[in-house]
Amino acid sequence: MGSSDLNLKKSWHPATFKNQERVWKEEQKKKEEDSKIEQMRKELAEERQLQDLQRMQEDAGTKQRSNKLDWMYASPNANLNGTADNTMEDFLLGKKNVDDLLRAKQRQEIVNKLLQVLKKIDLTSLTQMQILNVIFKVKFVKILYL
């Protein structure tokens, strides 16, 4: 009679060539994945270090930031000045209406223009009636746009 091991013919046995090959392939996949993750970590650390150096140069005044193509590489929710803005994300998720966004932008532009005009006005040279007229216009703009 044969002395061969019947367990080697079972699909679940760990000593079969097929199972050993499967384990070896999974180990190779795991090694590749770990090496990719480590490579990505190194790249991320280098990018952060580069950004810190650029920020330090900007703070020191030796180099001015160029905003030419930075927007292309920035994260989707980041403005050029580095602060996060979730208005577009809220719009895409349906939390905000596009009309509200446009109205808010128009309001801000009008308020900025009004502030610029008020800074230019010299109140010492105006009469009391002209000052009251300016105050009335400011209140009227606030009622209309705010």
Side-chain angles (χ1 to χ4, degrees), residues 1-123 126 131-146:
M1 296 260 166
S3 65
S4 67
D5 190 6
L6 289 178
N7 283 330
L8 291 176
K9 295 186 179 192
K10 304 292 182 182
S11 63
W12 48 263
H13 196 272
T16 61
F17 181 72
K18 207 183 238 184
N19 288 336
Q20 288 178 354
E21 181 184 19
R22 190 178 305 149
V23 168
W24 180 79
K25 285 181 180 178
E26 290 297 323
E27 288 173 350
Q28 294 301 318
K29 285 182 184 178
K30 177 73 172 149
K31 285 180 185 178
E32 288 178 19
E33 185 178 336
D34 289 343
S35 65
K36 286 181 183 179
I37 289 173
E38 187 62 32
Q39 180 67 25
M40 290 175 69
R41 284 184 185 153
K42 287 180 183 178
E43 289 176 7
L44 182 62
E46 289 175 5
E47 287 177 14
R48 286 183 180 166
Q49 187 179 14
L50 181 63
Q51 287 177 351
D52 289 340
L53 290 173
Q54 287 176 347
R55 191 174 301 121
M56 289 172 59
Q57 285 180 342
E58 290 169 9
D59 292 342
T62 58
K63 181 181 177 184
Q64 291 184 352
R65 181 177 181 169
S66 65
N67 292 331
K68 294 179 182 175
L69 294 176
D70 290 344
W71 61 271
M72 198 180 317
Y73 302 108
S75 64
N77 290 332
N79 286 334
L80 290 178
N81 58 5
T83 59
D85 187 17
N86 291 332
T87 56
M88 291 307 297
E89 184 175 337
D90 291 343
F91 167 68
L92 292 173
L93 292 174
K95 295 178 183 177
K96 283 192 174 183
N97 193 357
V98 71
D99 295 335
D100 296 337
L101 294 173
L102 292 175
R103 286 187 193 127
K105 186 176 181 181
Q106 288 174 347
R107 288 179 189 149
Q108 187 63 33
E109 289 175 358
I110 290 172
V111 168
N112 288 340
K113 287 179 183 178
L114 181 64
L115 289 175
Q116 289 174 355
V117 170
L118 288 176
K119 287 179 184 177
K120 292 179 183 178
I121 296 176
D122 183 21
L123 295 178
L126 297 178
I131 293 173
L132 288 174
N133 193 13
V134 168
I135 293 172
F136 174 73
K137 288 180 181 179
V138 169
K139 287 183 179 181
F140 185 70
V141 168
K142 281 184 179 180
I143 290 171
L144 284 179
Y145 296 105
L146 298 178

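Hydrogens, waters and symmetry mates play no part in the numbers below; they use all other heavy atoms, side chains included.
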With Lys25 as partner, the option from Glu21, Arg22, Gln28 fulfilling side-chain contact (heavy atoms from CB on, under 4.5 Å) is Glu21
Counting heavy atoms not belonging to Gln49, are there more than 12 under 6.0 Å from its CD?
-> no
Separation between CZ of Arg48 and CD of Glu43, rounded to the nearest 0.5 Å = 13.0 Å
Report yes if some heavy atom in the side chain of Lys30 is under 4.5 Å from a heavy atom in the side chain of Glu26; otherwise report no.
-> no
Any salt bridge between Glu109 and Lys113, counting N to O under 4.0 Å?
-> no
Working to the nearest 0.5 Å, report the span between CD of Glu47 and CD of Gln54.
-> 10.5 Å
Are the charged groups of Arg55 and Asp52 less than 4.0 angstrom apart, N to O?
-> yes
Hey, is CH2 on Trp12 packed in by over 12 heavy atoms from elsewhere, all under 6.0 Å?
-> yes
With rounding to the nearest 0.5 Å, note down the distance linking NZ in Lys42 to CD in Glu46.
-> 8.5 Å
Just wondering, do Glu33 and Lys29 contact through their side chains at under 4.5 Å, heavy atoms?
-> no
Rounded to the nearest 0.5 Å, how far apart are OG1 of Thr16 and NZ of Lys9?
-> 13.0 Å
